[in-house]
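The structure appears right after this line, and notes come after that.
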2 protein chains.
Amino acid sequence: MTPSTVEKIAHPARDEIELSDVLHALSDPVRLQIAAGLAAASCERSCGSFDVRVSKSTCTHHFKVLREAGVIHQRQEGTARLNTLRVDDLEARFPGVLETILRAALSGASS
Amino acid sequence: MTPSTVEKIAHPARDEIELSDVLHALSDPVRLQIAAGLAAASCERSCGSFDVRVSKSTCTHHFKVLREAGVIHQRQEGTARLNTLRVDDLEARFPGVLETILRAALSGASS
DNA sequence: ATCGTTGTACGACAGTCATCGTACGTTTGG
DNA sequence: CCAAACGTACGATGACTGTCGTACAACGAT
């Protein structure tokens with residue numbers, strides 16, 4: 001899990017975040033749930049702390065999609081990988097998008 | 001193209017529109033462009049009036065995805081299929097989502 | 001009537017996606 | 001030191017996606 005094993009945890013820079021990628025990342029119910037949970041916590045959360053009903057491998061995949069789209073930031077802490085929403089970057093690049101989507105996800109009856 | 005040939009032009013009801021489907025529909029650059037063009041026109045536009053650089057068949061596919069996601073409404077008028085954004089339905093169900101996404105698509109340098 | 005326009009239908013195809021299981025590497029706690 | 005916990009890597013798989021070409025149907029104008 002140390003840098004020697006894990007190949008870098010690459011994140012896109014703020015200016016490299018693409019709207020299409022963000023929308024695609026949030027268009028999956030599991031990932032939307034993760035993002036919403038992260039917004040609700042408004043702090044770092046480990047991957048395993050989410051009550052998603054997919055396998056561990058699938059979970060890793062979803063976190064990777066979210067990270068590579070620029071939606072979340074991941075940081076290694078021991079065996080845990082701590083996730084945060086990139087609210088500032090997203091707000092700067094696409095104002096209001098993340099907030100309105102997450103609000104819709106919570107209040108709406110959609111998936 | 002009349003009802004005998006075309007099988008109904010099915011649209012989801014307002015309450016059936018899913019956030020995931022909307023986000024997925026808008027996560028494709030071509031479809032996002034179509035939605036933005038529709039918002040800019042703020043009136044009915046035929047499928048062929050969009051300057052997309054994909055083939056006719058592909059265009060039909062994209063309009064179908066947008067329609068089935070509940071993003072647009074299609075109406076037959078002679079040989080033309082007239083499209084409108086379902087702004088009211090989307091605003092009622094997911095307030096602000098469509099507007100902020102389209103704004104981000106226009107101002108942002110994304111895709 | 002016939003032709004051009006508009007758009008769909010169908011079939012094909014390569015690429016991506018979401019999912020899983022199993023195996024593995026790290027770190028931490030007993 | 002050993003085992004459990006956390007998460008990744010890899011490979012597989014079935015489904016879906018975006019793309020296209022060709023053929024077809026309907027409408028409108030000549």
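Chain letters run A, B, ... following the sequence lines, proteins first and then strands; every chain starts at 1.
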Euclidean distance, atom [atom1] of residue [X] to atom [atom2] of [N] [Å, nearest integer]:
| X | N | atom1 | atom2 | value |
| --- | --- | --- | --- | --- |
| B:Leu82 | C:dT5 | CG | C1' | 14 Å |
| A:Asn83 | D:dC6 | CG | C1' | 12 Å |
| B:Ile72 | C:dG7 | CD1 | C1' | 13 Å |
| B:Ile9 | C:dT8 | CD1 | C1' | 10 Å |
| B:Arg75 | C:dT8 | CZ | C1' | 18 Å |
| B:Ile34 | D:dG18 | CD1 | P | 11 Å |
| B:Asp21 | D:dT17 | CG | C1' | 14 Å |
| B:Phe50 | C:dT6 | CZ | C1' | 14 Å |

Between [atom1] of [X] and [atom2] of [Y], what distance do you get to the nearest 0.5 Å?
| X | Y | atom1 | atom2 | answer |
| --- | --- | --- | --- | --- |
| B:Thr100 | B:Leu102 | OG1 | CG | 8.0 Å |
| A:Asn83 | A:Phe63 | CG | CZ | 4.5 Å |
| B:Arg45 | B:Phe50 | CZ | CZ | 4.0 Å |

Taking only the side-chain nitrogens and oxygens of B:Arg81, find out if one of them lies under 4.0 Å from OP1 or OP2 of C:dT6. no
If we ignore angles and hydrogens, is there a donor and acceptor under 3.5 Å between the side chains of [X] and [Y]?
| X | Y | answer |
| --- | --- | --- |
| A:Arg31 | A:His62 | yes |
| A:Ser27 | B:Ser20 | no |
| A:Thr60 | A:Ser57 | no |

Show the distances under 3.5 angstrom between N or O atoms of the protein and N or O atoms of nucleotides 18-21 of chain C.
| residue | atom | partner | partner atom | Å |
| --- | --- | --- | --- | --- |
| C:dA18 | OP1 | A:Arg31 | NH1 | 3.3 |
| C:dA18 | OP1 | A:Arg31 | NH2 | 2.7 |
| C:dA18 | OP2 | A:Arg31 | NH1 | 3.3 |
| C:dA18 | OP2 | A:His61 | NE2 | 2.9 |
| C:dT19 | OP2 | A:His62 | NE2 | 2.3 |
| C:dC20 | OP2 | A:Ser55 | N | 2.8 |
| C:dC20 | OP2 | A:Ser55 | OG | 3.4 |
| C:dC20 | OP2 | A:Thr58 | OG1 | 3.0 |
| C:dG21 | N7 | A:Ser57 | OG | 3.0 |
| C:dG21 | O6 | A:Ser57 | OG | 2.8 |

Measuring from the side chain of B:Thr60 (C-beta onward, heavy atoms only), which nucleotide among C:dT27, D:dG7, C:dG7 has the closest atom? C:dG7
